[in-house]
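Report on the structure given below.
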Amino acid sequence: MTRPFVVLKFGGTSVAAPEGWRTIAAATRAHLDAGRRPVVVCSALAGVSDALDGLLPAAVGGRHAPVLDDLRRRHAELAAALGVEVDLSDVFEPLERLALGVSLTGEFTHRMRARAMATGELAATRLGAAHLQALGLPITWIDARDCLTTVEAGDTPAHALAARCDDHADAALAARLAAHDAILTQGFVARDPQGRTALLGRGGSDTSAALFAARLGAARCEIWTDVPGVYTTNPRDVPQARLLRRLDYDEAQELATAGAKVLHPRCLAPVRRHRIPLEVRCTVHPDLPGTVVGALEDGPAEVKAIAARRNVTLVSMDTLGMWQQVGFLAQVFGAFARHGVSVDLVSTSESNVTASFDPAAGAVDDATVAALLADLNQVCRARALRDCAAISLVGRQIRATLHRLGPALALFEDRRIHLVSQAASDLNLTFVVDAAEADRLVGRLHALLFDGREADDRLGPTWRETFAAPQAAATPAAPWWVAERARLLAVEASPAYVYHGPTVDAAAARLLALRHVDRVFYAIKANDHPALLRRLVAAGLGLECVSPGELDHVFAACPALTPDRVLFTPNFAPRAEYAAALARGVHVTVDNLHPLVRWPEVFAGHDIFLRLDPGQGRGHHAKVRTAGRRSKFGVAPEELGAVADAAAAAGARVVGLHAHAGSGIREAGAWAETAVFLADAATRFPDVRVLDLGGGLGVREKPGQAALDLAAVDDALGPVRRAHPSLAFWMEPGRYLVAEAGVLLARVQQIKAKGDKTYIGVDAGMHTLLRPALYGAWHGIVNLSRLDAPLAVTADVVGPICETGDVLGHARRLPRTEEGDRLLVATAGAYGRTMASGYNRRGAPAEVVLD
Ligand code: LLP
């Protein structure tokens, strides 16, 4: 079987420095080792195409010599840095003669311009080929002009500078190139049918790569660039932008056209036609997985990305009562065509037509716009609006997502959206706004659509997480398990949860130090290990339980525990459970009307707490937000009167009010808001002495995430407490006390590469730690056996359970990992072991406490 071709394209910044060539060499070698035939397509060194574009205009004025000197110097410097000696006189001498000719005649043609600009790619690849050959790679330099022919010969600028090639399979070319192990060639350049040099348009190296891939029937096409993939929006503007791991050809096409800079709009059609996967990779971070563009199955309605094109001009045309006039649009667009202005977006109504164009892309100058307006004003009232921006939402079934955009568009209550255009394909919805509003709109839309979305197969980490991670990890103190590595590696049982007592103590001390919280109860559902319960009780915390099982457990585990230090906060519990808990003397919270109305005798003569719904749920995932109209918890605000009456009728005294908005909250003001809400409700209950503000305190889970600012939580509570001196504030956190103190140790069982992914299989899975499968929760994963080894692989860490969702971490960066290695899953102390199951009968994880 012949070796399949794979095409790799490297842009100007990649080829301009020796580091880029290291990646080029490594990627080429990796393909050769894997039995493929790499075809490496390179651009000119960054900045060289611009310099060459300026050469002939400079020559007209006789000022070409410094430009040429500069070009020679740049290439000589790179040659020296790469350690090669290459005679480029056959490249630069014709260029010099060309410039000299132009300086004498004072004019040049588009063809001459094309020849001059092609020099950049020819020179760069000559240096690169010499370098790769010196490294021992079997690479052959080939002139791309002998491989790609444009479809038409002509003398317009487009024919010379932005020509098209057809992308049919080319068996003769494939046979010719198959004579070489590896090939280095140029992007951007081709020949017309008469054999003259033609260019494929600025940014055309991507197109060259796609054309080579199509004509050679390549197995894949890799576009290596300076960003690690396609992001949900430009990450340099919005660092919260998320990597798009997978995109459909249509979506990528739409994004490229809408202004995303990573891919050239023309490079997608050839690979799409031949169903060749296209990967976007990063030259400076070759280990990152990037974005794969391919044929995706139909997915849900969703916005995949937000693209912005600034520098857009609008022409608004009022039709002056020409309603129902036949041919009006033809007249209008005829005028655009006559002036060579290509229209991007249009919206029409009976009285107005608005069209947009990009003056820079179409080289439309002010004089052309003025002439166009003069023509249009013959048939309507036309005016131009400059400095607009077109913001496009790109994805699938965009119309179905409209209802979610409301809050972001509130920005336009007092400012205008000039044009809204929606593609019939439903892949794109575009707003044209003043350029000055663009950044804010993109930021808001992005926050609305992507913040808080969990990483999955399609949506990767944020730009900030990828690039800020090393610094962010360096700032907070290293986690306890780094210092405890030896003791952790000595734990034989696997999988095993290991808890670090001192870390629990430290979290408890921080909570007990809150000035405006009178009592802290630990919600044991997070982790009910008896040794931890005893630690927390010894530190002075109470415990919060939600079932008779938990009540039995805490009293058995902590002999010193008195009922006054225990809360019972069940939900939809049977009648008998309330009766038993009241008999035990613990604080009982009632969270529905039903028990008080139907079983009044159970509560007669008792002090109770009422759980109220504060109206707004909060937390790290929809499944853990426990308030609001759609949650099953708490007494709704409109039932407050009824519940007060029912309690009074039952003969129960309401001594406390409780609310718990959700879990994993990191907004410091949340508990003060709950306190205000409860204090307000307390005016209806004269006996209330306690406001239980619930738990939910979040911890830092992902790198780059800020920890919850506990001092700010405390400060926010201050004014509320001062306003209600007779009320005590209680809290009942679970996660905050134990999450960071616990890790899950798993042992690597098998490793496999399948498709384009690597899987590391461990003995822990969704039966051990359910959070990733249930909430898409992110837990840091490290190879504890090789903690200091360089990160070298990107893998999904999976368990042995018979479900596709049995993934502990998607696309994780790990060192080279071997069977038997110990992986550590971080921040697993809360809701880890307590949510483990017997699924697949794989047994329960061990638990170990380190003091
Ligand atoms: N109080 C009540 C009434 C609760 O329902 C909960 C948790 C807490 C306190 C403690 O919340 P914490 O401080 O731990 O956030 N399994 C999910 C969390 C579910 C929390 C359920 N209720 C997770 O793994 O993220």
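The model shown is predicted, which means the values in this text are computed figures rather than measured ones. Counting convention: from 1, in listed order, for ligands and their atoms alike.
For the pair H620 and ligand 1, a heavy-atom separation below 4.0 Å is found. Within the 4.0 Å heavy-atom shell around ligand 1 one does not find H621. Residue-ligand proximity: F633 is placed with every non-hydrogen atom at 4.0 Å or more from ligand 1. Distances shorter than 4.0 angstrom occur between a heavy atom of V624 and an atom of ligand 1.
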Discussion item. Assess the residue pair R535 and D851 against the criterion (salt bridge (charged side-chain N to carboxylate O under 4.0 Å, His left out)); give the C-alpha distance rounded to whole Å, side-chain angles, the decisive distance to 0.1 Å, and a yes or no.
Written reply: CA-CA 10 Å; R535 261 191 130 94; D851 282 315; 2.6 Å; yes
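Polar contact check, G734 against ligand 1: a nitrogen or oxygen pair lies under 3.5 Å apart. Considering backbone and side-chain atoms alike, G696 places an N or O below 3.5 Å from some N or O of ligand 1. Inclusion of E732 in the set of residues having an N or O under 3.5 Å from an N or O of ligand 1 is warranted. Inclusion of H658 in the set of residues having an N or O under 3.5 Å from an N or O of ligand 1 is not warranted. Looking at R611 next to ligand 1, no N or O pair under 3.5 Å apart turns up.
Using a cutoff of 4.0 Å between basic side-chain nitrogens and carboxylate oxygens, E701 and R666 are not scored as salt-bridged. Looking at R833 and D528, no side-chain N of the basic residue comes within less than 4.0 Å of a carboxylate O on the acidic one, giving no salt bridge. Look at R584 and D552 and you find a salt bridge, because one of the NZ, NE, NH1 or NH2 atoms lies within 4.0 Å of a carboxylate O, short of that distance. Salt-bridge formation is not detected for the pair D607/R689: no Lys NZ or Arg NE/NH1/NH2 atom is positioned less than 4.0 Å from an Asp or Glu carboxylate oxygen.
A cation-pi arrangement is absent between R487 and W481 under the rule of less than 6.0 angstrom and at most 45 degrees off the ring axis.
Aromatic ring pairs are classed by plane angle as parallel below 30°, tilted from 30° to 60° and perpendicular above 60°; the pair Y578 and F568 is perpendicular. In this pair, H500 and W480 present their aromatic rings parallel. The plane angle is below 30°, not in the 30 to 60° band.
Taking every heavy atom of E544 and a limit of under 4.0 angstrom, the matching atoms of ligand 1 come to 1 (N), 2 (C), 3 (C). Contact atoms of ligand 1 toward A523: 8 (C), 9 (C), 10 (C) (distance under 4.0 Å to a heavy atom of the residue). Of all the atoms in ligand 1, the ones that sit under 4.0 Å from a non-hydrogen atom of G695 are 9 (C), 13 (O). Ligand 1 places these atoms under 4.0 Å from at least one heavy atom of M835: 16 (N).
Minimum heavy-atom separation, D806 to G799: OD2-C, 2.8 Å.
In terms of protein heavy atoms, atom 22 (N) of ligand 1 is closest to K525 CD, 3.7 Å. Closest to atom 24 (O) of ligand 1, if we only count protein heavy atoms, is R771 NE, 2.5 Å.
When the heavy-atom distances from atom 10 (C) of ligand 1 to Y775, Y831, Y522, Y736 are ranked, the shortest goes to Y831.
The structure places OH of Y736 at 10.5 Å from CE of M731, a figure rounded to the nearest 0.5 Å. One distance of note links NE2 of H810 with CZ of R245; it measures 7.5 Å at 0.5 Å rounding.
The part of H660 lying near ligand 1 is the side chain, judged by heavy-atom distances below 4.0 Å.
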